[in-house]
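All figures in this text were calculated on a predicted structure; none of them were measured in a lab.
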Amino acid sequence: MNLMKRVMLFAMCMLPWAAIASVHGARVEAASVAITNGPVWYDTTGGTIQAHGGAVIQVGSTYYWIGEDKLHNSATFRNVVCYSSPDLKNWKWVGYPLKPSSHAELASSKIERPKVIYNAATGKYVMWMHYENAADYSLARVAVASSSSVCGSYTYHGSFRPLGYESRDMTVFKDDDGSAYLLSASNSGTGTNGSLASFKLTADYLNVSTFLGWVAENGHREAPAIAKQGGRYFLITSGASGWYPNQAKYMTATSMSGPWSAPQNLGNTSTFYSQSNFILPVQGSSGTAYVYMGNRWNPGLLGDSRYIWLPLTLNGSSGTASLEWHSTWNLDAATGAVSYPALVNHALGKPATASSAASGFAAGRANDGNYQAEWKATGVTWPSWWQVDLGSAKNIREVDISWFLHNGSEAYYQYRIEYSTDGSSWVSIDRTGNKTYGFTTDAVNFTARYVRIVLVKAVLWNNPNNWYTPILYEVQLLGG
């Protein structure tokens, strides 16, 4: 590794001793590591991790992360990439299990959302993927490949529509009894991605044997991810809004054949600017943690798309799930323990005011702890502002804001964060250059009693005219 890469790796990732040992070739034991959301993630050589749309599989004490290489900022298939890690933090590049040269059908194609499961009967690792031609998304197929080693060279078995059904965003899930299943965004007669199709795989996992039925029928859901907790299956999906974020929802069932419960909201209105991809169970000596693996897509620079990993709370007894934002959190893969920085949301429940408020949408709804309740201005008036009185001076280290999104006319907000100790003299943090959709998190360091969010403008990606009404769903002011 050259000096520049070493400096970058240290400065941006602040790696613990375990990572430094990994870089120098020493054996790294699993220990509590910090998962940091938002920045670029680097492998142990200082290269950017390219594992988009992927999943993690554990083999022995080692985790393997297999995903899409989008380094060249194209949706066209480049490679499926494999990394290994002892602790889910320090990732070593291993190789390309599947490449365009692996088969003629892959030479000009799109390969998305690779998922690998192990078949104990055949001794094969089986990879399922979403397959399309390089030009568009008209084929709607799955593709299957297999290998005798998790990161070895995979034999490509071809692409097809499972039992004739369209298949786009997809995932596979292996149950406790060894049965395996495919869920994919399909067409039940109401258009592309109108419903999810559910299938049981053949015993060798190389094909589908049975169509189990439609899930979230006519709900236009995609990006499925499945986990099992307490004897109950949890299915997370996103809405169909292309590369832009939206509200994740979850459904539960006591059988993979269904019936599935009605969709319930998960996280905030933009799923913290991410799209569901995989649920990783981390089975440790003290319990099992569940990790929501999401993609923060950057449609203009796909290779720079970020990874959002958050602790996911699943309760099979009650059939409930919850997802909260953490810029940084700690995971111990050996024990399954999860911990968080000692931060308090100083804005929660404190008196709030605004430049105006529509009937039924009071300012206090934006700091009530409910991601689904919003403050709304009385009309399309820009700029508008929202303000909270913390009661006394508090140290604020992070400002998290959940914004309004409209499917098909998504916008990012240009804003300012203003703070004051006396309500008269204000200091401003300029965020009018923001281009992040749906959810913003700002690392700050100030002490104030009053904090004001000034909504300067909303910029629609598909329309130069801002027709949005100023809206905030939730403001969190985190500090010690």
Side-chain angles (χ1 to χ4, degrees), residues 55 113 115 117 119 126 128-130 140-142 144 160-240 246-267 271 275-281 288 290 292-293 312-323:
R113 296 181 174 266
K115 304 291 186 290
I117 51 178
N119 191 301
V126 182
W128 283 72
M129 301 150 279
H130 172 205
R141 297 179 185 173
V142 292
V144 181
F160 57 94
R161 285 187 172 183
L163 300 178
Y165 293 92
E166 291 183 4
S167 177
R168 291 185 172 87
D169 278 8
M170 45 65 61
T171 195
V172 288
F173 172 74
K174 180 181 175 181
D175 208 346
D176 303 331
D177 63 359
S179 300
Y181 302 86
L182 165 72
L183 266 85
S184 59
S186 187
N187 187 344
S188 61
T190 56
T192 300
N193 294 348
S195 305
L196 292 169
S198 177
F199 306 89
K200 186 173 183 179
L201 302 189
T202 54
D204 60 8
Y205 300 170
L206 298 179
N207 209 326
V208 297
S209 64
T210 311
F211 174 67
L212 298 178
W214 297 110
V215 181
E217 190 166 6
N218 304 328
H220 295 277
R221 309 298 297 174
E222 61 182 23
I226 306 173
K228 186 178 184 181
Q229 200 283 331
R232 190 181 296 267
Y233 302 90
F234 289 81
L235 168 63
I236 296 176
T237 61
S238 82
N246 58 66
Q247 175 73 67
K249 295 180 182 290
Y250 74 93
M251 306 168 67
T252 69
T254 55
S255 167
M256 282 297 295
S257 299
W260 292 87
S261 65
Q264 301 292 320
N265 291 329
L266 182 70
T271 321
Q275 183 184 46
S276 53
N277 179 60
F278 188 69
I279 304 171
L280 170 63
T288 300
Y290 294 87
Y292 163 91
M293 293 175 56
L312 176 66
T313 302
L314 304 178
N315 189 322
S317 298
S318 62
T320 57
S322 62
L323 186 71

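Between Ser167 atom OG and His130 atom NE2 the span is 6.5 Å, to the nearest 0.5 Å. Distance check: Thr192 OG1 to His220 NE2 gives 9.5 Å after rounding to the nearest 0.5 Å. Taking CG of Asn193 as the start and CZ of Arg168 as the end, the distance is 6.0 Å to the nearest 0.5 Å. For the atom pair Leu196 CG and Ser186 OG, the distance stands at 8.5 Å (nearest 0.5 Å). From Arg113, atom CZ reaches atom CE of Met129 across 14.5 Å, with rounding to the nearest 0.5 Å. Summarising the geometry, atom OG belonging to Ser179 is positioned 7.0 Å from atom OH belonging to Tyr205; distances are rounded to the nearest 0.5 Å.
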Exercise for the section: Let me see the working for Tyr250 and Thr320 under side chain to side chain contact (heavy atoms under 4.5 Å, CB included), right down to the final yes or no. Expected result: CA-CA 9 Å; Tyr250 74 93; Thr320 57; 4.0 Å; yes
Exercise for the section: Test side chain to side chain contact (heavy atoms under 4.5 Å, CB included) on Val126 and Val144 and set out the steps. Expected result: CA-CA 7 Å; Val126 182; Val144 181; 3.8 Å; yes
Problem - Test log, rule side chain to side chain contact (heavy atoms under 4.5 Å, CB included), inputs Ile236 and Leu312 - result: CA-CA 11 Å; Ile236 296 176; Leu312 176 66; 3.8 Å; yes
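Applying the side chain to side chain contact (heavy atoms under 4.5 Å, CB included) rule to Ala55 yields the partners Lys115, Phe278; only residues at least two apart in sequence or on another chain are considered. Considering only residues two or more places apart in sequence or on other chains, Asn218 meets the side chain to side chain contact (heavy atoms under 4.5 Å, CB included) condition with Ser188, Thr190, Ser195. Residues satisfying the side chain to side chain contact (heavy atoms under 4.5 Å, CB included) test with Ser198, not counting sequence neighbours, are Leu183, Leu212, Val215. When the ring pair (Phe, Tyr, Trp, His ring centres under 6.0 Å) test is applied to Tyr165, the partners found at least two apart in sequence or on another chain are Phe199, Phe211, Trp214. With sequence neighbours excluded, no residue forms a salt bridge (charged side-chain N to carboxylate O under 4.0 Å, His left out) with Asp177. Ser317 is linked by a side chain to side chain donor-acceptor pair (under 3.5 Å) to nothing, counting only residues two or more places apart in sequence or in another chain. The side chain to side chain contact (heavy atoms under 4.5 Å, CB included) search around Ala227 returns Ile279, Tyr290, Leu314, not counting sequence neighbours. When the side chain to side chain donor-acceptor pair (under 3.5 Å) test is applied to Tyr292, the partners found at least two apart in sequence or on another chain are Ser274. Looking at residues two or more places apart in sequence or on another chain, you find no ring pair (Phe, Tyr, Trp, His ring centres under 6.0 Å) involving Phe160. For Arg232, the salt bridge (charged side-chain N to carboxylate O under 4.0 Å, His left out) test picks out no residue, with sequence neighbours left out. The side chain to side chain donor-acceptor pair (under 3.5 Å) test applied to Thr210 returns no partner, not counting sequence neighbours.
Listed for the Thr171 side chain is no donor-acceptor partner under 3.5 Å among the backbone atoms of Ala225. Counting only distance, with no hydrogens or angles, the side chain of Ser276 and the backbone of Pro224 share no donor-acceptor pair below 3.5 Å. Here the side chain of Ser261 pairs a donor or acceptor atom with the backbone of Thr252 at under 3.5 angstrom. Between the Asn187 side chain and the Gly191 main chain, a donor and an acceptor come within less than 3.5 Å of each other. Using modelled atom types, no side-chain atom of Glu166 and backbone atom of Arg141 make a donor-acceptor pair closer than 3.5 Å.
Shortest non-hydrogen contact noted between Asn246 and Gly239 is OD1-N, 2.6 Å. Taking both residues in full, the closest heavy atoms of Trp128 and Leu206 are given as CZ2-C, 3.9 Å, listed atom of the first, atom of the second, then distance. Closest non-hydrogen pair, Ala253 versus Pro259, comes out as CB-O, 3.4 Å. Contact record, Val142 with Pro162: CG2-CD, 4.0 Å, taken as the closest heavy-atom pair. Scanning all heavy atoms of the two residues, the minimum distance from Phe234 to Asn315 falls at CZ-O, 3.5 Å.
Using a 4.5 Å heavy-atom threshold, the side chains of Leu182 and Leu201 count as touching. You'll find the side chain of Gln275 reaches within 4.5 Å of the side chain of Asp169, heavy atoms only.
Pairs engaging residues 202-231 under the salt bridge (Lys or Arg N to Asp or Glu O under 4.0 Å) rule: Asp175-Lys228, Asp176-Lys228 [sequence neighbours left out].
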